[in-house]
Asks: 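Below is a structure I'd like to ask you about.
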Amino acid sequence: MTSLRGLAGTLLPAMAFLAFARPEIWEPCVEVVPNITYDCMEQNLYKIPSSIPSSAKHLDLSFNPLMFLGSQSFTAFPELEVLDLSRCEIQRIEDDAYWGLNYLSTLILTGNPIQILAPGAFSGLLSLQKLVAVEINLSSLENFPIGHLKTLKELNVAHNLIHSFKLPKYFSYLTNLEYLDLSNNKIQNIYHKDLHVLYNKSKLSLDLSLNPFDFIQPGAFDKMRLQELTLRSNFDNTNVMKTCIQGLAGLEVNQLVLGEFKNERHIEEFDKSALEGLCSVATEEFRLPYLDDFPNNFNGFFDCLVNVSAVSLANLHLKSLEGLPNGLKWQSLEMVRCKVNNFPPFAIPSLKRFSFTANRVENSFAGLTLKSLEFLDLSGNGMSFKGCCSLKDLETPNLKYLNLSFNDVITMSSNFMGLELLEHLEFQYSTLKQTSEFSVFLSLSKLLYLDISYTHTHVAFPGIFSGLVSLQVLKMAGNSFKDNTLSSIFAELTNLTFLDLSKCQLEYVSQGVFDKLLRLQFLNMSYNDFLLLDALSFKPLHTLQGLDLSFNRIASSNGQELQNFPSNLTTLNLTQNPFDCSCEHQSFLQWITDQKRLLVEAEQLECVTPPDMQGKMVLSFRNDTCQIPKVIIIVTVVSVLVVSVIACLVYKFYFHLMLLAGCKKYGRGENTYDAFVVYSSQDEDWVRNELVKNLEEGVPPFKLCLHYRDFIPGVAIAANIIQEGFHKSRKVIVVVSQHFIQSRWCIFEYEIAQTWQFLSSQSGIIFIVLQKLEKSLLRQQVELYRLLSRNTYLEWEDHALGRHIFWRRLRKALMDGKTWSPEGTADAENIQQEATTLT
Ligand SMILES: *[C@@H]1O[C@H](CO)[C@@H](O)[C@H](O)[C@H]1NC(C)=O
Ligand SMILES: *[C@@H]1O[C@H](CO)[C@@H](O)[C@H](O)[C@H]1NC(C)=O
Ligand SMILES: *[C@@H]1O[C@H](CO)[C@@H](O)[C@H](O)[C@H]1NC(C)=O
Ligand SMILES: *[C@@H]1O[C@H](CO)[C@@H](O)[C@H](O)[C@H]1NC(C)=O
Ligand SMILES: *[C@@H]1O[C@H](CO)[C@@H](O)[C@H](O)[C@H]1NC(C)=O
Ligand SMILES: *[C@@H]1O[C@H](CO)[C@@H](O)[C@H](O)[C@H]1NC(C)=O
Ligand SMILES: *[C@@H]1O[C@H](CO)[C@@H](O)[C@H](O)[C@H]1NC(C)=O
Ligand SMILES: *[C@@H]1O[C@H](CO)[C@@H](O)[C@H](O)[C@H]1NC(C)=O
Ligand SMILES: *[C@@H]1O[C@H](CO)[C@@H](O)[C@H](O)[C@H]1NC(C)=O
């Protein structure tokens with residue numbers, strides 16, 4: 001016992017050590033993409049793990065206490081493209097730290113309190129495009145050693161301690177620079193002399209947000225062109241803002257972003273005059289994302305912005321939308337996440353795009369008069385719409401795109417009269433009323449795309465989609481149908497290529513529903529309640545490529561020909577259906593196996609019934625399990641057949657069997673009679689007068705069995721024939737005559753005799769032919785004919801000599817096998833001798 005414990009005491013730590021020593025166990029990095037992407041975030045690493053292959057391209061080392069980067073720290077990973085060193089407590093970066101990273105395009109150094117940055121820290125890095133140096137305790141760009149990074153496109157030095165916007169000379173060499181983020185630094189003043197390196201940088205986007213501006217020298221940006229300038233939360237009051245914006249005079253900028261951030265520096269009492277300077281700035285797009293103290297109306301606000309082509313207002317509280325200047329040239333207006341008291345009654349004749357999304361609006365939709373408008377996105381406002389839609393409600397005769405998704409109740413009251421140019425119409429997740437009462441989309445003969453998913457639409461009216469002759473995409477997931485039956489509502493949609501009918505509680509598809517959809521490529525009927533796979537209903541869809549029937553209640557096919565499935569189908573999703581894997585459906589299950597290349601996740605299809613197959617895979621279903629019942633059926637049929645054949649045989653050969661039973665019973669015991677005479681009653685005279693006389697009264701006397709004399713009365717004739725006649729007689733004398741052959745009874749007796757002869761295996765039948773028989777008559781009785789022609793028989797001849805010979809021969813034949821008590825004539829002695837030699 002103690003030795004065991006001792007052994008365990010030594011073994012267990014050793015095993016633990018071994019387990020720990022295995023590289024897989026302590027491997028700190030997650031292999032996201034093998035040999036390419038490694039994530040070593042927050043693993044308390046003091047150095048770069050050696051287990052990472054040299055082929056790695058993406059390496060995330062963030063949140064590890066690396067402390068410093070020595071020279072040539074990354075030469076083991078020459079393929080690196082992205083290196084993340086965020087918050088690695090790096091204080092010192094030595095010369096040539098990134099030496100050899102010739103393919104590195106992104107370097108992230110965010111959140112390192114760098115105190116010593118060697119002049120050659122970034123040497124090499126021949127391909128660097130993006131340098132993120134946010135929050136690295138950088139106090140000036142002057143000594144930031146990046147002047148040689150000619151490939152640099154994006155430089156982010158936000159959240160540092162930079163005081164001066166004096167851009168060092170090396171910026172003029174960074175000819176590829178497109179984005180410079182200097183936000184959240186300490187810049188207060190901008191002077192003209194600081195900016196001359198920016199003159200040739202018309203592609204540059206410049207973010208100076210969150211710097212505490214005091215002053216911008218007028219003309220500092222004069223004749224300068226920029227792609228984008230962002231100034232958010234830079235000003236403490238209206239006056240500073242006003243002078244600074246005036247300082248922008250002469251700037252030409254594609255996109256100007258002014259505004260604030262929530263909970264950051266903001267202007268307490270904003271005055272519209274602050275924007276006066278914008279009249280001297282040429283801009284295409286103006287964005288205003290958040291302004292804490294937005295004025296009560298637009299009066300004077302946009303006076304200097306009448307010529308911009310796009311305006312975007314986000315997160316503003318717009319108490320009144322009055323006061324827009326005349327002569328606006330705006331083509332695009334976006335209002336996002338604003339709080340709006342009234343739905344905007346804008347009349348901007350030039351406007352082509354209007355996005356009014358995710359706003360909080362207090363009233364419902366009102367009319368819009370925007371004659372040039374082509375694109376209208378009113379989604380996500382939770383508003384209701386009392387009468388939709390016609391030119392009366394939306395005076396937008398050029399409208400092509402209308403998005404009314406994610407709103408409240410939209411009551412359909414007209415059929416888009418006057419809005420015939422619409423190509424794209426979307427209502428998803430709004431509640432549609434009266435959709436199924438008339439042909440609401442009747443005017444939209446140019447519509448290509450319609451989305452009424454999850455609109456609580458109950459489809460009962462067959463003409464619901466009348467008029468949509470060009471429609472290509474129809475999405476109507478999450479609605480319901482009358483009687484849960486898909487009826488013929490698609491008759492006019494001959495150009496439809498995509499149809500989504502998922503989550504519609506459908507149980508049946510009526511006949512001919514898809515007959516006209518000759519271009520349909522994709523059909524989604526997942527999440528419905530179909531019980532059967534109805535191949536026939538998909539037959540007309542010759543161009544169908546994808547069919548999604550997952551998440552239904554399909555247990556099997558409905559037995560119709562599965563080869564009717566569209567031949568161009570490439571994807572069939574039948575996952576999550578409760579398949580019935582009983583033999584009854586074996587052709588369906590076989591079909592699934594045959595089509596497994598077509599089926600999505602065929603290996604994962606599971607049987608649900610019968611209980612013994614539950615949880616098993618459909619593909620594991622074997623046809624041979626269904627063969628056992630077949631065998632049983634075959635065996636049953638065969639035995640029934642055999643039994644009936646036997647019964648027939650027994651019925652037919654009943655007497656033969658009786659004979660057989662008798663043979664067993666009587667064996668070859670003593671016989672009462674020497675011969676049983678079979679004859680036709682028509683020949684009875686001859687039998688009485690000739691046969692009986694000659695044989696019974698002759699010497700030796702033979703005892704004959706004659707039915708008129710010896711049969712027991714009251715017993716059936718057939719039984720008598722067998723029991724008295726055959727069983728008790730040694731021989732059978734068959735008296736063949738014309739009458740005999742014509743008598744069915746006689747023939748029966750003769751057949752029994754034959755069997756008797758076969759069973760007693762001795763030649764016991766003696767044939768006597770009474771008169772010459774007609775050959776043709778005899779031939780009818782084929783067996784008899786055969787026997788007569790094969791055996792010798794006695795022919796009765798009615799003259800003295802003939803008789804003598806006849807009786808002699810007959811007696812001789814009867815003597816065969818007879819036990820004999822001597823009593824004798826010469827004749828008899830002769831016979832006796834023969835007899836004794838015989839026995
Ligand atoms: C990863 O690289 C190793 C060595 O170069 C190679 O043997 C292995 O096949 C690679 N694995 C993958 C998934 O590419
Ligand atoms: C930032 O750098 C200065 C020197 O430029 C140093 O005095 C200061 O301690 C550094 N701050 C941090 C947080 O490392
Ligand atoms: C701007 O570029 C032009 C020609 O591309 C050049 O002549 C001029 O010197 C450049 N100006 C500056 C300030 O780099
Ligand atoms: C707008 O453009 C027109 C002519 O194109 C010009 O007369 C007007 O001054 C411009 N307005 C502003 C505010 O730039
Ligand atoms: C319509 O609006 C909804 C909600 O904003 C959005 O999800 C959807 O993508 C929009 N449709 C299009 C085609 O952009
Ligand atoms: C259906 O589409 C075809 C080809 O995309 C186009 O030629 C035809 O005009 C369309 N039919 C209708 C009614 O729009
Ligand atoms: C079909 O619709 C369901 C639910 O709406 C969705 O989850 C599924 O991705 C769709 N199928 C395809 C192939 O897009
Ligand atoms: C089936 O697809 C092929 C190739 O994508 C196309 O040529 C053929 O016309 C399609 N068959 C039918 C009936 O649409
Ligand atoms: C069915 O399979 C297709 C193809 O893999 C997939 O896009 C679709 O999302 C699946 N359907 C559902 C409801 O998951």
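As the structure lists them, so they are numbered: ligands from 1, and atoms in each ligand from 1. These numbers come from the heavy atoms of this one structure, side chains and all, not from hydrogens, waters or symmetry mates. All residue numbers refer to positions in the sequence shown, counting from 1.
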Asks: Judged by non-hydrogen atoms, does Phe522 sit under 4.0 Å from ligand 7?
Replies: yes
Asks: Once salt bridge (charged side-chain N to carboxylate O under 4.0 Å, His left out) is applied, do any residues pair with Arg353, and if so which ones, sequence neighbours excluded?
Replies: none
Asks: Who passes side-chain contact (heavy atoms from CB on, under 4.5 Å) against Val82, sequence neighbours left out?
Replies: His58, Thr106
Asks: Below 3.5 angstrom, do we get any N/O pair linking Tyr527 and ligand 7?
Replies: no
Asks: Run through Thr238, Asn239, Asp293, Asn237 and flag the one making a side chain to side chain contact (heavy atoms under 4.5 Å, CB included) with Asp271.
Replies: Thr238
Asks: Return yes or no for this condition: an N or O of Asp548 is under 3.5 Å from an N or O of ligand 7.
Replies: yes
Asks: What I want to check is whether the side chains of Ser480 and His458 have a donor and an acceptor closer together than 3.5 Å.
Replies: yes
Asks: Any heavy atom of Ala477 sitting closer than 4.0 Å to ligand 7?
Replies: no
Asks: Looking only at distances, please establish whether an N/O atom of ligand 7 is found under 3.5 Å from an N/O atom of Asn524.
Replies: yes
Asks: Does NZ or CZ of Lys503 fall inside the cone over Tyr527's six-membered ring, less than 6.0 Å from its centre and within 45° of the axis?
Replies: yes
Asks: Judged by modelled atom types alone, do Tyr449 and Glu423 share a side-chain donor-acceptor pair under 3.5 Å?
Replies: no
Asks: Please enumerate all residues that pass side-chain contact (heavy atoms from CB on, under 4.5 Å) together with Asn254, with sequence neighbours excluded.
Replies: Gln227, Glu284, Glu285
Asks: Using a threshold of 4.0 angstrom between heavy atoms of the protein and any atom of ligand 1, which residues qualify?
Replies: Pro34, Asn35
Asks: For Phe498, is the NZ or CZ atom of Lys475 found under 6.0 angstrom from the centre of its six-membered ring and inside 45 degrees of the ring axis?
Replies: yes
